[in-house]
Amino acid sequence: MKILRSHYSLDVSSKEFEKNIFISGWVEDIRNIGSIAFIILRDKKGTLQVTALKKKNPELFEKIVSIPRESVISVNGICKKSDKARNGYEIIPDDFKILSKAETPLPLGVVDKVESELDTRLDNRFIDLRKQNIQAIFKIRNEVIASVHDYLKKKDFIEIHTPNIIASSSEGGTDVFKIKYFEKDAFLAQSPQLYKQMMMATGLDRVYEIAWYFRAEDHNTRRHLNESTAVDLEMAFISGEEDIMKILEGLVHSMWMKASECKEEIEILEKKVIVPKLPFKRISYDEAIDILNKNGLELSWGDDFGTEEEKKFGEIMKKKGSEFYFITKYPLEAKPFYTMPEGEKLSRSFDLGCKGVELASGSQRIHDVELLKERIKICGLNPKNFDAYLKTFRYGMPPHGGFGFGIERFLMELLDIKNIRECILFPRDRTRLIP
RNA sequence: GCCCCGGUAGUGUAGUGGCCUAUCAUCCGAGCCUGUCGAGCUCGGGACUCGGGUUCAAAUCCCGGCUGGGGCGCCA
């Protein structure tokens, strides 16, 4: 099999000067000066210049300058050293072939001098992704997820895959999508929570999943998606939630570190990525309430933090030099049924915050089946609906805990992206189902 | 789910009852130009979200649908 190129744009070196090379890509721009024309060709790695001279081959010249922008072509030609051209070389074409002609006008310009709205860009995401700054986000995303696998493998975790189609109506806390499953009703999983806990009864001890979350919530904001991804992790034989926070902060640190190594992409995005220092500050819910009240807010014990409180708290922590912080020991009432209580009112739980945004939340879980049943009832759910889940607690279930960590939220904070839709290829929000 | 604000060429915009045969840029097409890299210049092309209503007259005012943006609630 022969690939339709001998070189990528940026792989051409002085070794190729005066030699014939074969290149392929998208026609980004054509600047026709009259007797000479410059065709900017884009491939995976960058752009290069094809320089056509009318005098040399009038027929080829006419044909090549009339190719619509964004068509895919391949070009055969001599590579010439040129100080005037980008990359220090240019291709003088001997012949070329249109592999796929682009229609005009384009629904979205790749190098046009006008901005486009996010909505238009998402409608034409395949073209949007031809821009190197948009690609950069997903290249960084890839690296960050690679570091999740690397880090957790080192910590002796295995990656698992649990069902997205589930029978149990809800673990509470959020609306789920109802679907038809042959003769039964089924639901899309809001998270792998119950399944990853069930894995704790197997002896695998440490598991994680790059999970899809499906949430049927009617919100429409720039930080919510109805389909999102997360790093979901669970580990057994813990002595408390601190064991989990250690893994989480180490994970976040390694993801941030890996992202900071994507120098080229960070430069394209014109961002700064500063790796946070470990350990992250631990602040109990009680202390957080105190801090907020001392800073002019009026909160009673048991109140949830709203957006205003979260922002304010993020600011205060930043001033103290902690961009990342854990808020621990939330009121039991504010947490889902599987959360381990601590005393009467508190829970062995934590949220990871960053500049006022909640990135992750986790806890030690209940491993005693009777307590778990009781908590399910108190939370207004029916233990009958959780039989398969509860069964795994009856034949040897070690103490365990874990967290869920939203990947798109993480990218927003990492790259200072204002709309979460930028962080996922094809976002699903309240109204968008296509593409 | 609640509140606020929008929808004008392919893209992004100007236009608040008659001056709109709708502005500008980008884009597309034709032409000129031998070193462009946001190329330049000349000429041409292309639009008022949909359905009702008010009015002598609606892009402009009113009602509804669809749809976009922001905020809140909830959450990741």
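Computed from a prediction, not measured in an experiment: that's the story for all the values here. Chain letters run A, B, ... following the sequence lines, proteins first, then strands; residues in each count from 1. Just the heavy atoms: all of them, side chains too, but no hydrogens, waters or symmetry mates, feed the values below.
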Side chain of [X]: nearest nucleotide among [options]?
X: R86(A); options: U34(B), C37(B), C28(B); value: C37(B)
X: R223(A); options: G35(B), C74(B), G10(B); value: C74(B)
X: E310(A); options: C27(B), U34(B), C75(B); value: C75(B)
X: R215(A); options: C75(B), G35(B), G70(B); value: C75(B)
X: E358(A); options: C72(B), A76(B), G70(B); value: A76(B)
X: E217(A); options: U26(B), C74(B), U36(B); value: C74(B)
X: K113(A); options: C75(B), C27(B), A76(B); value: C27(B)
X: S35(A); options: G70(B), U34(B), U26(B); value: U34(B)
X: D29(A); options: A39(B), C75(B), U36(B); value: A39(B)
X: R69(A); options: G35(B), C75(B), C27(B); value: C27(B)

Would you mind reading off the distance between [X] atom [atom1] and [N] atom [atom2], rounded to a whole angstrom?
X: E209(A); N: A76(B); atom1: CD; atom2: P; answer: 16 Å
X: I33(A); N: G38(B); atom1: CD1; atom2: C1'; answer: 13 Å
X: L433(A); N: G68(B); atom1: CG; atom2: P; answer: 12 Å
X: Q193(A); N: A76(B); atom1: CD; atom2: P; answer: 10 Å

Give me the distance, rounded to whole Å, that separates [N] from [M] when you measure between the [atom1] atoms they each carry.
N: U67(B); M: C24(B); atom1: P; value: 34 Å
N: C41(B); M: C33(B); atom1: C1'; value: 9 Å
N: C3(B); M: G64(B); atom1: P; value: 12 Å
N: G70(B); M: G15(B); atom1: C1'; value: 24 Å
N: C28(B); M: G73(B); atom1: C1'; value: 47 Å
N: A25(B); M: G31(B); atom1: P; value: 22 Å
N: U8(B); M: U49(B); atom1: P; value: 6 Å

Got a salt bridge between K319(A) and E315(A), using NZ or NE/NH1/NH2 to carboxylate O under 4.0 Å? no
Could you tell me whether R69(A) and D112(A) make a salt bridge, using a distance below 4.0 angstrom between a side-chain N and a carboxylate O? yes
Report the base-pairing partner of G1(B) (Watson-Crick or G-U wobble, both distances below 3.5 angstrom), or none. C72(B)
What does C66(B) pair with, Watson-Crick or G-U, if both distances are under 3.5 Å? G7(B)
Please report the closest heavy-atom contact between H7(A) and V12(A), naming both atoms and the distance. CB-CG2, 3.7 Å
With distance as the sole criterion, is a donor-acceptor pair present between the side chains of Q49(A) and T51(A) under 3.5 Å? yes
Check this for me: does the side-chain of [X] come within 3.5 Å of the base of [N] through a donor and an acceptor?
X: K54(A); N: U34(B); result: no
X: E115(A); N: U11(B); result: no
X: R409(A); N: C75(B); result: yes
X: E308(A); N: G71(B); result: no

T431(A) side-chain N/O to G68(B) phosphate OP1/OP2 under 4.0 Å: yes
Using only side-chain N and O atoms of R31(A), determine if any of them is under 4.0 Å from OP1 or OP2 of C37(B). no
Let me spell it out: for each of L106(A) and R430(A), pick the nucleotide of RNA chain B with the closest heavy atom. Which residue's pick is nearer the 5' end? R430(A)
Earlier contact from the 5' end, RNA chain B, for L118(A) and V114(A): V114(A)
In the structure I gave you, are the side-chain heavy atoms of R42(A) and D29(A) within less than 4.5 Å of one another anywhere? no
Please say which of F405(A), F280(A), F326(A) ends up in a ring-ring contact (aromatic ring centres under 6.0 Å, His included) with F350(A). F326(A)
For F305(A) together with Y285(A), are the ring centres under 6.0 Å from each other? yes
